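Report on the following structure.
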Amino acid sequence: MDGLERVRSRNPSRRTGHSSIGRSLSRSSWNMEDVFSGSRRSSRVEDDEEALKWAAIERLPTYDRLRTSIMQSFVDHEIIGNKMEHREVDVRNLDMNDRQKFIDMLFKVAEEDNEKFLKKFRNRIDKVGITLPTVEVRFNHLTIEADCYVGSRALPTLANSARNLAESALGLFGISFAKKANLTILKDASGIIKPSRMTLLLGPPSSGKTTLLLALADKLDPTLRVKGEITYNGYKLKEFVARKTSAYISQNDVHVGEMTVKETLDFSARCQGVGTRYDLLSELARREKDAGIFPEADVDLFMKATSVEGVESSLITDYTLKILGLDICKDIIVGNEMQRGISGGQKKRVTTGEMIVGPTKTLFMDEISTGLDSSTTFQIVKCLQQVVHLTEGTILMSLLQPAPETYDLFDDIILLSEGQIVYQGPRGHVVEFFESCGFKCPERKGTADFLQEVTSKKDQEQYWADKRKPYRYITVTEFANRFKHFHVGMQLQSELAVPFDKSRGHRAALAFHKYSMSKMELLKACWDKEWLLIKRNSFIYVFKTVQIIVVAFISSTVFLRTEMHQRNLNDAQLYIGSLLFGMIINMFNGFAELSLMISRLPVFYKQRDLLFHPVWTFTLPTFLLRVPISILETVAWMAVTYYTVGYAPEASRFFKNFLLVFSVQQMASGLFRLIAGLCRTMIIANTGGVLTLLLVFLLGGFIIPKRKN
């Protein structure tokens with residue numbers, strides 16, 4: 001306590017000038033009510049202790065100061081009841097219980113408490129004059145076309161697949177036979193996705209919503225023809241790593257079924273890193289120290305804990321689980337077709353959480369409400385709205401028939417129909433635009449439903465406002481042309497006419513490196529994930545080992561040493577037969593890798609495209625962690641068969657045979673993984689695997705002497 005008093009005496013201005021704590025520690029400011037009020041006196045003692053701890057933290061070196069914070073918790077006291085305890089903690093060493101207590105104390109009601117916390121976060125940023133990096137996405141005259149087959153030629157038959165393969169090979173030489181139809185998916189689309197605003201993408205099915213989201217996230221199929229320009233803060237897609245700057249959240253839920261919800265988000269957080277959080281925290285701490293400001297304990301602990309790289313489980317994961325309502329199922333496996341796991345709605349939220357757990361603040365979200373009820377959708381969109389408004393994020397989200405209360409959470413609307421943008425601008429002017437075109441939304445009709453039906457030829461007539469005039473169908477092209485002369489459309493065109501000033505954008509808002517973490521950290525994360533999956537699938541490896549032991553006993557009884565003679569070449573063929581049988585059995589033992597790899601491929605391709613990790617960080621642990629299992633199976637086979645069959649007793653011969661069996665197992669495992677990667681579906685992979693085994697048996701059996709031909 002003497003050391004803290006010395007710190008207190010050396011830093012009186014910082015302690016008393018702290019506006020967020022807002023309290024004086026001098027006795028002269030106490031009145032008579034304070035003296036006779038035990039609760040107030042204990043509160044001042046707590047405040048005194050907290051201020052002294054902050055002063056002690058301020059004296060630490062910068063590296064330690066950015067990793068040390070104060071954790072508040074309630075403890076039972078015999079006299080005064082619940083007492084607030086202030087404990088100095090290292091954010092790198094927070095255990096699971098500490099993180100859970102902190103989240104439960106801070107976020108009792110997800111929607112309300114999340115907004116309060118984000119306001120505290122924003123106040124801390126604004127207090128020292130820091131401007132958060134923002135991303136403005138622009139697309140100008142964007143046209144996307146595709147060549148497709150029509151009629152029976154488009155059916156996925158065997159004959160058509162063979163023709164497509166042959167024509168693609170001839171296409172490399174500029175030779176083309178098939179006639180293809182030109183399909184325009186997006187036509188001359190222009191717009192701006194502004195930061196700190198929630199933008200809703202509406203449109204009937206097959207209007208091009210997914211294609212627009214994929215184009216903005218730089219994830220389009222390379223076979224499509226793209227015209228126009230897409231920029232982030234004035235930078236073209238080739239000038240930075242767009243896939244790392246933004247994130248596309250698919251409407252398909254692709255996850256590893258054996259991992260729990262928390263493990264899935266933890267792995268995603270480890271691969272995506274902390275982005276600019278640490279740099280922001282460093283600058284924030286420097287300015288606060290210069291200004292003599294002490295931060296609020298909960299905000300400081302959260303920011304420091306979420307800025308630490310390389311931890312297996314981060315506080316940002318617990319926060320994401322809480323705001324998405326996944327904390328009730330965090331320890332349940334995701335599940336798949338063969339394993340029961342979480343529900344479809346929860347799986348959809350895991351898909352969303354997998355991306356928002358990272359530092360990316362530019363999100364393109366495709367139909368995230370599929371499988372969710374309206375109240376859950378409202379809760380998720382509400383939390384995302386708070387994040388966007390208070391942390392300067394950029395979100396473009398497509399929803400199919402959102403509820404009115406969910407629709408009202410958005411700031412801007414983009415209405416897409418038949419590949420053309422009918423309206424883009426503030427939500428408050430969209431009804432006014434269609435009223436100027438002669439259509440009115442009924443009072444009891446949801447605005448979102450009205451917008452998706454008013455451009456349809458079948459449903460448009462019911463919204464015709466002036467019954468005195470004859471109704472005339474207005475095409476999507478006519479709507480798009482009228483919008484250009486509407487005041488919102490004219491303002492949009494004037495904004496697009498002025499190029500974005502790159503000097504206004506912060507360079508930290510964009511990613512210029514392909515991966516957020518070092519290659520060794522990514523390898524460590526993939527290694528831990530692969531080891532976890534091996535433990536979850538331990539039954540398969542135990543069964544394979546037991547199976548090879550049983551077959552080894554059967555092989556020993558077939559080629560028993562008492563029946564194995566060494567008289568002539570015919571007897572030698574029996575030994576060759578036993579060796580060949582052993583090689584075949586050990587090769588078949590690797591067939592299980594085919595189905596395991598097929599089930600893992602969709603997740604691998606998804607994470608590869610999202611730039612979670614390089615390909616080799618996935619393949620290297622997959623190979624290395626199975627080597628000990630292969631050695632165990634080889635030992636089991638050799639221990640049962642070698643001396644029972646009666647091979648040469650020399651140690652050198654034993655280890656040569658051991659190396660041969662081990663090499664065959666590794667070859668078989670690698671071969672079946674390769675087949676899985678090439679075929680990608682279980683039916684085709686099984687066919688390819690059996691065909692490969694047939695070739696091996698034909699070419700790897702008994703050698704027929706030349707004179708026997």
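Keep in mind the model is a prediction, meaning the values are calculated, not measured. Along the sequence shown, residues are numbered consecutively beginning with 1.
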- [ ] Using modelled atom types only, decide if a donor and an acceptor are shared between the side chain of Glu88 and the backbone of Thr68 within a distance under 3.5 Å.
- [x]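 Absent.
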Task: Side-chain donor or acceptor of Ser516 paired with backbone N/O of Gly275 under 3.5 Å - done: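 Not a single qualifying donor-acceptor pair exists.
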Distance alone, cut at 3.5 Å: any donor-acceptor contact between the side chains of [X] and [Y]?
X      : Y      : value
Tyr248 : Asp218 : no
Tyr232 : Thr362 : no
Asp366 : Ser250 : no

Are any non-hydrogen side-chain atoms of [X] and [Y] less than 4.5 angstrom apart?
X      : Y      : answer
Lys330 : Leu265 : no
Arg349 : Gln379 : no
Lys361 : Val388 : no
Pro614 : Leu522 : yes
Ile193 : Ile414 : yes
Cys526 : Phe267 : yes
Asn114 : Tyr319 : yes
Ile380 : Leu324 : yes

Task: Close aromatic pair by centroid cut-off 6.0 Å: Phe117 and Phe302 - done: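 Centroid distance Phe117-Phe302: below 6.0 Å, so yes.
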Task: Minimum-distance pair of heavy atoms, taken over all atoms of Val128 and Arg287 - done: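 Nearest heavy atoms, Val128 then Arg287: O-NH1, 3.0 Å.
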Task: Partner set under side-chain hydrogen bond (donor to acceptor under 3.5 Å, both in side chains) for Thr317, not counting sequence neighbours - done: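 Asp266.
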Do [Y] and [X] meet the salt-bridge criterion of a basic N to acidic O distance under 4.0 Å?
X      : Y      : value
Lys127 : Glu288 : no
Asp90  : Arg67  : no
Glu521 : Lys524 : no
Arg270 : Asp528 : yes
Lys382 : Glu405 : no
Asp253 : Lys347 : no
Glu258 : Arg600 : no
Asp298 : Lys120 : yes
Glu367 : Lys348 : no

TODO: Using the ring of Phe512 (Phe, Tyr or Trp, six-membered ring only), decide whether Arg507 places NZ or CZ under 6.0 Å from its centre and within 45 degrees of its axis.
DONE: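 Arg507 over Phe512 ring: yes.
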Task: Over 12 non-hydrogen atoms of neighbours within 6.0 angstrom of NZ in Lys101 - done: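 Open: at most 12 neighbouring heavy atoms sit under 6.0 Å from NZ of Lys101.
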Task: Atom CZ of Phe543 with >12 non-hydrogen neighbours under 6.0 angstrom - done: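 No, because the 6.0 Å sphere around CZ of Phe543 holds 12 heavy atoms or fewer from other groups.
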TODO: Could you check Val91 against Leu301 for side-chain contact (heavy atoms from CB on, under 4.5 Å), going step by step and ending with a plain yes or no?
DONE: CA-CA 7 Å; Val91 295; Leu301 177 62; 3.6 Å; yes
Task: CA sep, side-chain torsions, deciding dist, call: Tyr407, Arg427, side-chain hydrogen bond (donor to acceptor under 3.5 Å, both in side chains) - done: CA-CA 9 Å; Tyr407 172 83; Arg427 173 174 51 85; 5.6 Å; no
Distance from [X] atom [atom1] to [Y] atom [atom2], nearest 0.5 Å?
X      : Y      : atom1 : atom2 : value
Asp412 : Leu200 : CG    : CG    : 10.0 Å
Ile103 : Asp98  : CD1   : CG    : 12.0 Å
Leu220 : Leu213 : CG    : CG    : 10.0 Å

TODO: Under the side-chain hydrogen bond (donor to acceptor under 3.5 Å, both in side chains) rule, what do Thr376 and Asp373 come out as? Steps first, then yes or no, please.
DONE: CA-CA 6 Å; Thr376 305; Asp373 57 86; 2.9 Å; yes
Task: Whether Tyr235 and Phe240 hold their rings parallel, tilted or perpendicular, with breakpoints at 30° and 60° - done: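 If you compare the ring of Tyr235 with that of Phe240, the planes turn out perpendicular.
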- [ ] Kindly determine whether Met365 and Leu201 satisfy side-chain contact (heavy atoms from CB on, under 4.5 Å), including the steps that lead there.
- [x] CA-CA 9 Å; Met365 315 177 81; Leu201 179 61; over 6 Å; no
